[in-house]
Amino acid sequence: MSSVRIVLPDNSVKNFDHEPTVLEVAQSIGPRLANDTVGGLIDDNPEVVDLRTKLKDGTRLKIVTTKSPESLEVIRHSAAHLMAQAVQELWPDVKVTIGPVIEDGFYYDFDSPRSFSPEDLEKIDKKMAEILKRDDPVVREDWPVEKAISTFEKMGERFKVELIRELEAKGEKTVGIYRQGENWFDLCRGPHVQRMGQIAATKTLSIAGAYWRGNEKNPQLQRIYATAFNSKKDLEEYLKNLEEAKKRDHRKLGKDLGLFYFHQYAPASPFFAPKGTVIYNQLQNFIREKYIEYGYEEVITPQMFDVDLFHQSGHYENYRENMYFSHVDDRDFSLKPMNCPAHCLLYQAERKSYRDLPWRIADFGRLHRYERSGVVHGLTRVRTFCQDDAHIFCRVDQLQQEIGGFMKMLDEIYKTLGMSNYVIYLSTRPAQRMGADELWDKAEGALEQALKSLNLSYTINPGDGAFYGPKLDIMFVDALKRPWQLGTLQVDFNLPNAFQLGYVGEDNKEHRPVMLHRAILGSLERFIGVYLEHTSGHLPTWLAPVQVALMTVTDRQLDYARDLKNKLRELGIRASLDERGEKLGYKIREAQLQKIPYMLTLGDKEMQNQTVSVRLKGGQVLDALPFATFAEKLLIEIQERRLESVFQTGPNLNQEAHNSSV
RNA sequence: GCCCAUGUGGCUCAGGGGUAGAGCACACCCUUGGUAAGGGUGAGGUCGUGAGUUCGAGUCUCACCAUGGGCUCCA
């Protein structure tokens, strides 16, 4: 018999007289390794294979153990089976469907006659722990399709039967069955652990409704989200991160910092309080400065239009579901859900020459979109909002340069805001779209070429484009590594057609411009929500609603404090003075919780010397310095939109401690 | 829109058929205190809305509204 050679990562070779499984290779190396084995990585394939996989001659194998990061996928997959087993042991009438691994965990969709409650999750956790203790071996069997169908049919597992029939239609003759313990098995292609005991830590997380195969028309199932880790420590760390994310929830921060509110009389429509409005306006000012720098002109366009406009633009046909309509004086109107049709009208208002292009017009117009009740969320998904929206009308040969200019502007803005971590997606034509395929080819090609010439890496998102054109989506990755879609650039050959837009070329002939839709922050509302979570409310001073909180040690210094407050305000610095007869420590605590960047504590010493004592929000206290010096330095920090305090001298040791104590 | 949960003073929450409770915030009084909560007194609520059951409904039932977690969809 010819020998089968398996190559290990250190290039050593193991010889077998048959095609060994991953586990057999591990056993040939050592019992400890074999005990911990949960799968293998073969050749250069990133996907973990089952430890029961038979390996061909010449395979390069890296064994995945419970200690390798790759094992998480296997462990979570098995944990999904574990959870399904636990649920069926608790409630035998519950039917199983599918249970995939997702980022940070897994879920399992159940078809259950009764709804799961939070108490049920506790029961499931207990049952899972109980099953883990049994440490049942996991065995793979290959069943002929007919046997699988008849078995699951007898069990009443109709969703499993549906899945097997699909596999059969694809030409499969056998299907994989994983058996754990005596009585429980599930259809699965693997990979799975050797023994259930290899799953070190699991925890159910939440209950949700979900449709079979993600389709609204299918039966609704009950999804249980859960996670599993290689060690109890990793699980605890993960749960701690979840807590951290909860603390940073922008809805909570918005309320705690007095930034914005909601009311049931205007669902999903934020009320920005004075403090929130400061952030809103500061961001707008910042973007406006960039507009001047990058050759944009700002415009103001109407809020409500005759519906005919949206017939012409195609929005009525493609976007009606999300639009607000009203009927007045026997005419149909709609609140604009986007600025672009209005900008096309404005483009037409004056005859354009090739010399006028590129024509870049920006609009902070308020938009209204009817979002379905279940999808709205804090500031990140609202029904009325304002984008840092602009449209660029240009010639096809200017496209590359405009895309380049956009990416540069975006990078500058994001860097200033401390958001250097972002990724680019290129979204291509969706199924429901307008315009000829040649136009789509052209538009998609232009975007891709621009990215390549800028040396920017990107990922293609097939079918995710807008109905009028392909787009670049900029995903910002926040401090907790969560991606958010903010910026976008969409190439549109269709709207200029719909509005018959034209310009007179050098050749004195009529040409059609290309239209770019673009935004950098996305919407101010969503941006503020995302940014609050990114910074956990610790805004750079130029954005902070209150920049300086003045506080006196006793009433004796009140006049001095009032004088300083006025001086700061004259300089355009947002200062507040707490005149209540509370103790200094009390006022500091309040300013700290409000995340105010600077506190000026004023006692007799300061008053006599005309100085201020500066306390940074991290807790660091500086030596008293003349008021003028303080104001001068602070102005620089604000005007230059610095991310770090100009007064910060060393690493801020207090910040962490304070953050965790409140 | 769909599934599930929640809705009690400005905020965070207790109370689960017999006519509303706490802490914080707010007002006033005492305290004038030097870097994260000094003490006292007081005011504040048609218990999301509307029907129903009941002698009696925050409390039970139903409908609606809003919010939250998901699904689907998106800036």
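To find a chain, count down the sequence lines: A is the first, B the second, and so on, and within it residues start at 1.
Separation of the P atoms belonging to B:C62 and B:A5 is 11 Å when rounded to the nearest angstrom. Using atom C1' as the reference point in both B:C65 and B:U31, the two lie 49 Å apart (nearest Å). B:G23 and B:U8 have their C1' atoms separated by 15 Å, given to the nearest Å. One P atom belongs to B:A27, the other to B:G10, and the distance between them is 15 Å to the nearest Å. Between B:G48 and B:A20, the two P atoms lie 15 Å apart (nearest whole Å). B:G50 and B:G58 have their C1' atoms separated by 15 Å, given to the nearest Å. Comparing the C1' positions of B:C2 and B:C73 gives an interatomic distance of 13 Å, to the nearest angstrom. Nucleotides B:G9 and B:A63 place their C1' atoms 27 Å apart, quoted to the nearest Å.
B:G68: Watson-Crick or G-U partner is B:C4, with both key distances under 3.5 Å. Judged by Watson-Crick or G-U wobble contacts below 3.5 Å, the nucleotide B:G9 has no partner. B:A27 is paired with B:U41 under the Watson-Crick or G-U wobble criterion, all donor-acceptor distances under 3.5 Å. Nucleotide B:U19 has no partner under the Watson-Crick or G-U criteria, as no pair reaches both atom distances under 3.5 Å. Base pairing analysis places B:G58 opposite nothing; no Watson-Crick or G-U wobble pair with both distances below 3.5 Å involves it.
The separation between A:I596 atom CD1 and B:U35 atom C1' is 15 Å, rounded to whole Å. Across the protein-nucleic acid pair, A:W212 atom CH2 and B:C3 atom C1' stand 17 Å apart, rounded to whole Å. In this entry the distance linking CG of A:D578 with P of B:U35 reads 17 Å, nearest Å. The CG atom of A:L584 sits 8 Å away from the P atom of B:A36 (whole-angstrom rounding). Rounded to whole angstrom, the span from the CD1 atom of A:I224 across to the P atom of B:C4 amounts to 14 Å. Separating the OH atom of A:Y370 from the C1' atom of B:G1 is a distance of 8 Å, rounded to the nearest angstrom. What separates CE of A:M599 from C1' of B:U35 is a distance of 9 Å, to the nearest Å. Residue A:L221 contributes atom CG, which lies 14 Å from atom C1' of B:C4 at whole-angstrom precision.
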List every contact pair, protein side and nucleotides 38-42 of chain B side both N or O, where the distance is under 3.5 Å.
none

Grab the N/O contacts between the protein and nucleotides 10-13 of chain B below 3.5 Å, and write none if there aren't any.
residue: B:U12; atom: OP1; partner: A:K255; partner atom: NZ; Å: 3.1

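With its glycosidic angle more than 90° from 0, B:G52 is assigned anti. Base orientation of B:G48: anti, the glycosidic angle falling outside 90° of 0.
The side-chain contact (heavy atoms from CB on, under 4.5 Å) check on A:Q557 picks up A:T552, A:V553, A:T554, A:D604, A:M607, with sequence neighbours excluded. Looking at residues two or more places apart in sequence or on another chain, you find a side-chain contact (heavy atoms from CB on, under 4.5 Å) between A:A575 and A:V548, A:L550, A:K565, A:L568. Every residue two or more places apart in sequence or in another chain that forms a side-chain hydrogen bond (donor to acceptor under 3.5 Å, both in side chains) with A:D478 is listed here: A:R482, A:W484. Listed by chain and number, the residues in a ring pair (Phe, Tyr, Trp, His ring centres under 6.0 Å) with A:H517 are A:H391, A:Y468 (sequence neighbours excluded). Not a single ring pair (Phe, Tyr, Trp, His ring centres under 6.0 Å) links A:F406 to another residue, sequence neighbours left out. A:D111 is linked by a side-chain contact (heavy atoms from CB on, under 4.5 Å) to A:K95, A:R158, A:F159, A:L221, counting only residues two or more places apart in sequence or in another chain. For A:F627, the ring pair (Phe, Tyr, Trp, His ring centres under 6.0 Å) criterion is met by no residue, not counting sequence neighbours.
The backbone N or O of A:T541 sits nowhere less than 3.5 Å from a side-chain atom of A:Y598 that would complete a donor-acceptor pair.
Considering A:E533, A:H534, A:H377 in turn, A:E533 is the only one that fulfils the side chain to side chain donor-acceptor pair (under 3.5 Å) rule with A:H250.
Listed pair A:R580 / B:A27 fails the phosphate criterion, with no side-chain N or O lying under 4.0 Å from OP1 or OP2.
In this structure, A:E244 pairs ionically with A:K247, as a charged nitrogen and a carboxylate oxygen lie closer than 4.0 Å.
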Exercise answer: donor-acceptor pairs, residues 258-270 of chain A side-chain atoms, under 3.5 Å, sequence neighbours excluded:
residue: A:H263; atom: ND1; partner: A:Y265; partner atom: N; Å: 2.9
residue: A:S269; atom: OG; partner: A:P267; partner atom: O; Å: 3.1

I'd like a table of donor-acceptor pairs (distance under 3.5 Å, sequence neighbours excluded) in which one partner is a side-chain atom from residues 422-429 of chain A, with atom names and distances.
residue: A:Y422; atom: OH; partner: A:D411; partner atom: OD1; Å: 2.5
residue: A:S427; atom: OG; partner: A:D473; partner atom: OD2; Å: 3.3
residue: A:T428; atom: OG1; partner: A:G463; partner atom: N; Å: 3.1
residue: A:R429; atom: NE; partner: A:E444; partner atom: OE2; Å: 3.0
residue: A:R429; atom: NH1; partner: A:D441; partner atom: OD1; Å: 3.3
residue: A:R429; atom: NH2; partner: A:D441; partner atom: OD1; Å: 2.6
residue: A:R429; atom: NH2; partner: A:E444; partner atom: OE1; Å: 2.9

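The 5' end of RNA chain B is approached more closely, in terms of each residue's nearest nucleotide, by A:D555 than by the other of A:D555 and A:S613.
Using modelled atom types and a 3.5 Å distance limit, the side chains of A:Y560 and A:R562 yield no donor-acceptor pair.
With hydrogens and angles left out, the side chain of A:Q557 and the base of B:G34 share no donor-acceptor pair within 3.5 Å.
Here A:F527 and A:Y280 keep their ring centres 6.0 angstrom or further from each other.
Distances from the side chain of A:R589 to the nucleotides B:G34, B:A37, B:G33 place B:A37 closest.
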(message) How would you summarise protein contacts on nucleotides 63-75 of chain B per nucleotide, using B for base, S for sugar-phosphate only and - for none, with heavy-atom distances below 4.0 Å?
(response) --SSSSBBBBBBB
